[in-house]
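First comes the structure, then the notes that go with it.
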Amino acid sequence: MAVDLLLGLQWGDEGKGKIVDVLTSKYNIIARFQGGPNAGHTLVFNGKKHVLHTIPSGIFHEDTANVVGNGVVIDPVIFKKELDKLAEQGIDYKKSLLISRKAHIILPTHRLLDAASEASKGKAKIGSTLKGIGPTYMDKTGRNGIRVGDIELADWKDKYRSLADKHEDMIKFYNVEIQYDLKELEIEFFEAIETLKTLTFIDSEEYLHQAMKGGQTILAEGAQGSLLDIDFGTYPFVTSSNTTAAGACTGLGIAPNQIGEVFGIFKAYTTRVGSGPFPTELFDTNGEIMAKVGHEFGATTGRPRRCGWLDLVALRYACQINGVTQLIMMKGDVLSGFETLKVCTAYNYKGEEITHLPFNIEEENVTPIYTEFKGWNEDLTEMTEASQMPQALNDYIAFLEKELEIPITIVSVGPDRKQTIVRQ
Ligand code: GDP
Ligand code: IMO
Ligand code: MG
C-alpha cells in the first residue's frame, strides 16, 4: 500500500490536526514526519478541544497506531505534558504510540540557545516559538545530536553533559541577558526522559516498511506549512525542517515511489504567525474580522496570527513542490458576511506581472494583483452537504480549482470533526 500525505500549504495552522483526525478512520497508522513542539494541532469533537504538539493527530482513535518519525524532534518535557493530558482523558496511548529511535531530542539548553539567538537578532528575529527547534536541527545536521535510541545506552548521560556544557558556552557567546537555572531544568528533563522510556521505541522505517508490505494504510501528518519549509519557504523566516512532501520521505524513510495521495490543506484566506514577508496581509477591518471570527491565535504560543487574503501565487507554488493531488479548504465559514472577497492571482514584481513566487517577496518588491468575488452571507457552520453550499462559495471554489488545476475534495466549515463537507 502507498503512503498518503497531508501537508499544510501556507504558513502553518491550516487545520491539519482537524483533518488528520477526520481522515484517521480510513488509516491503520498515522505518522508525524518532521517538526516538533513548535506545532500546535487542534482537534475538536464531542464538544471538547484538544491541542497536540508532537503526538500524531490519530491518537484519539483506539485502533490506530501513531508513529513519531525519525524526522521529528522531541522535547521530553512537553511530550510528558501531552501524555499526562491524554491520560486524564482516559486515552490508552501506551499501546498505540510508537517512537522512532532515530528521532532527535530537544535538550533544555537547545531551548535556551533558541532564546539567546532570537534575543541577539533584535528586530530581525524569526519570531520562533522558542521551543529549541532550530538549535536541535542544527545539532542534527552538525552531527552532534542526541537521539531517542541513545537514551537506551549506558553512556548517554556523558554525551548529554558534554553537549549541554558546549551549549552553555555558546549561550555566553551570544552575549545577551538570558536568566536560567539549568539544574532545575535538568530535574524536569531527566524525569521526563524516564517517562519517555516507558513508551515503545521502534526502528520506524522498518516498521513502516513491513506495515506497507502487509497492506496497512498509512497517513503521514505534516507540521507547519510549505512556506515555512527550510528550502522552499520565506527564508530565513522559516522553521528548520522540510515541511514539504520530500520531508515525509526523509522523515519516515519512505521512498518517493511509495507516496500515494498528497492532501494539500489551506485556509480560504491566509494567516501567518511570527515575522517575515506576507504579500496579501491586511491591516484594515477585513483583517481584524478574519482574526476575530477565525479566532486566529497560535495554538502553541497564543500569539495573534496575522491575516490576509488568499494568495494563489504562493498556493500554486506549494501545490507544485508537493505534488498535491487533492485540496482541502478550511475555514470557509470565517468568510461569511464579507461583501467582497479578494484572491491574489499574480504579483507586480518590480514593475512586471508574474505568476510564480520570486526569490524576494518583501513589500518593496511585490504588490499583489487581486481578482474580486461576491461574498456570501449564509452561515456555513451547520452545513453537512455540498448541495447546501451557497452559489457564491461554489463560484469561489470553482475559481480556485480552475486556477490550481486540482480538485477541492473537502470543505471545512467549523472546528468540529462533524463540520466537514466531502465533495464528489
Ligand atoms: P494546524 O496547526 O494546522 O493543526 O491548525 P491549528 O490547530 O493550529 O489552527 C487551526 C484552528 O482553526 C484551530 O483553532 C481549529 O480548531 C480551527 N479550525 C479548523 N478548521 C476550521 C474551520 O473549518 N472553521 C473554523 N472556524 N475553525 C476551524
Ligand atoms: P503548525 O504545525 C504556524 C513559525 C513560527 C516562526 C517560524 C520559526 O501548528 O502549523 P520555530 O519555532 O520553528 O523556530 O519558528 O515558524 N511556526 C509556525 N507557525 N504553525 C506552526 O506549526 C508553526 N511552527 C513554527 O511562528 O515564525
Ligand atoms: Mg497549529
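In listed order, ligands and their atoms are each counted from 1.
Asp21 and His50 share no side-chain donor-acceptor pair at under 3.5 Å.
At a heavy-atom distance under 4.0 Å, no atom of Thr300 approaches ligand 2. With a 4.0 Å cut-off on non-hydrogen atoms, His41 touches ligand 2 through its side chain and not its backbone.
In the candidate list Gly8, Gly127, Ser117, Gly127 is nearest to atom 6 (C) of ligand 2, counting heavy atoms.
Nearest heavy-atom pair, Thr54 versus Val73, reported as atom, atom and distance to 0.1 Å: CG2-O, 4.1 Å.
The protein heavy atom nearest to atom 12 (O) of ligand 2 is Thr129 OG1, 2.5 Å. For atom 27 (O) of ligand 2, the closest non-hydrogen atom on the protein side is Val273 O, 3.2 Å.
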Salt bridge (Lys or Arg N to Asp or Glu O under 4.0 Å) for Glu281 and Arg272? Distances and angles first, verdict last.
CA-CA 9 Å; Glu281 183 168 11; Arg272 168 161 213 176; over 6 Å; no
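Residue Phe237 places every heavy atom at 4.0 Å or more from ligand 2.
Less than 4.0 angstrom separates some heavy atom of Lys16 from each of these atoms of ligand 2: 1 (P), 2 (O), 10 (O).
The Mg ion (ligand 3) has Asp13 OD1, Gly40 O as protein N, O or S atoms under 2.8 Å away.
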Check each N or O atom of ligand 1 against all protein N or O atoms and list the pairs under 3.5 Å, with atom names and distances to 0.1 Å, one per line.
| from | atom 1 | to | atom 2 | distance (Å) |
| --- | --- | --- | --- | --- |
| ligand 1 | 2 (O) | Asp13 | OD1 | 3.4 |
| ligand 1 | 2 (O) | Gly40 | O | 2.8 |
| ligand 1 | 3 (O) | Glu14 | N | 3.1 |
| ligand 1 | 3 (O) | Gly15 | N | 2.8 |
| ligand 1 | 3 (O) | Lys16 | N | 2.7 |
| ligand 1 | 3 (O) | Lys16 | NZ | 2.9 |
| ligand 1 | 4 (O) | Lys16 | N | 3.2 |
| ligand 1 | 4 (O) | Gly17 | N | 2.9 |
| ligand 1 | 5 (O) | Gly15 | N | 3.3 |
| ligand 1 | 7 (O) | Thr42 | N | 2.8 |
| ligand 1 | 7 (O) | Thr42 | OG1 | 2.5 |
| ligand 1 | 8 (O) | Asp13 | OD1 | 2.9 |
| ligand 1 | 8 (O) | Gly40 | O | 2.8 |
| ligand 1 | 8 (O) | Arg305 | NH2 | 3.2 |
| ligand 1 | 9 (O) | Arg305 | NH2 | 3.4 |
| ligand 1 | 12 (O) | Lys331 | NZ | 3.1 |
| ligand 1 | 23 (O) | Lys331 | N | 3.0 |
| ligand 1 | 23 (O) | Ser412 | O | 3.2 |
| ligand 1 | 23 (O) | Ser412 | OG | 2.5 |
| ligand 1 | 23 (O) | Gly414 | N | 3.1 |
| ligand 1 | 23 (O) | Gly414 | O | 3.4 |
| ligand 1 | 24 (N) | Asp333 | OD1 | 2.8 |
| ligand 1 | 24 (N) | Asp333 | OD2 | 3.4 |
| ligand 1 | 24 (N) | Gly414 | N | 3.3 |
| ligand 1 | 26 (N) | Asp333 | OD2 | 2.7 |

